[in-house]
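Just so it is clear, the structure is predicted and the values come from calculations on it, not from any experiment. Convention: sequence-line order gives letters A, B, ...; per-chain numbering from 1.
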Amino acid sequence: KQEVTQIPAALSVPEGENLVLNCSFTDSAIYNLQWFRQDPGKGLTSLLLIQSSQREQTSGRLNASLDKSSGRSTLYIAASQPGDSATYLCAVNSGNTPLVFGKGTRLSVIA
Amino acid sequence: GAGVSQTPSNKVTEKGKYVELRCDPISGHTALYWYRQSLGQGPEFLIYFQGTGAADDSGLPNDRFFAVRPEGSVSTLKIQRTERGDSAVYLCASSNGGADTQYFGPGTRLTVL
């Protein structure tokens, strides 16, 4: 059974700092991995999707990497801003199956 | 439509009552998913539709939970004899199927008193 773990559970950083969020998964037989953002009381917004054949994806200040063989992904946020404060969720897709999510990392960026 | 919509956004009910939660997927998406998210947790899978049929309902916690998608578009999640432990945010997502990106709705926050 696929399990996804996210570390740390919570993170507080000063504005402008670069930061890394970690995600690990137990079964490397995945099709893709997706990072989501969730604001309090809101739904999920997809940030980046990495196919299993890819090593990384970039969007603006965000960069996600994938090491499928070791079951790890990282989300790098450059020059963090208070507006980046949210919960970040990692989810893996093993094909024609539902997503398996981690519990998320709650990020606070302090002005 | 522009995105996945869910109604109602909030639902408060009393223990033992019946509730229905609705999901309108992105037009043309064949796959529809229901997830449940408890406080401080990631979403957990409930049921997945491909077209009109439930392709995987292994995540439904018990027989009080049921979902339909009669015309392959809108889906309704039905919960009978609600319990306080059913309180959570119920999220719906749709996609073109397979490993394609799933797009999530804003969720319905269910509170059972």
inquiry  = Quick check on the hydrophobic clustering: are A:Leu107 and A:Leu48 connected, directly or via other members, by side-chain heavy-atom contacts under 4.5 Å?
reply    = yes
ask   = How about B:Gln37 and A:Gln38: does a side-chain donor come under 3.5 Å of a side-chain acceptor?
value = yes
message = Taking atom CZ as the centre, does B:Phe66 end up with more than 12 heavy-atom neighbours from other residues, nucleotides or ligands that are less than 6.0 angstrom away?
response = no
task = Considering non-hydrogen atoms only, spot the tightest contact between B:Leu91 and A:Gly43 and give its length.
result = CD2-CA, 4.3 Å
task = Would you kindly confirm whether A:Leu11 and A:Ile77 end up in one hydrophobic cluster when ILVMFWY residues are joined by side chain heavy atoms under 4.5 Å apart?
result = yes
Which atom of B:Gly42 lies closest to which atom of A:Leu89, heavy atoms considered = CA-CD2, 4.1 Å
ask   = Is the count of non-hydrogen atoms from other residues, nucleotides or ligands lying under 6.0 Å from A:Gln51 atom CD greater than 12?
value = yes
Heavy atoms of other groups near A:Arg55 CZ, more than 12 under 6.0 Å = no
note = On a heavy-atom basis, the closest approach of B:Gln102 and A:Gln34 is O-NE2, 4.0 Å
key: Sidechain-backbone polar pair: B:Tyr33 side chain, A:Leu99 backbone, donor-acceptor under 3.5 Å   = no
request  = Inspect the surroundings of CG in B:Leu39 and state if more than 12 heavy atoms from other residues, nucleotides or ligands are less than 6.0 Å away.
outcome  = no
key: Structural part of B:Tyr103 lying under 4.5 Å from a heavy atom of chain A   = neither
note = Okay, A:Leu49 and chain B: the region with an atom under 4.5 Å from a heavy atom over there is side chain
Rounded distance (nearest 0.5 Å) linking atom CZ of A:Phe36 with atom CZ of B:Phe104 = 4.5 Å
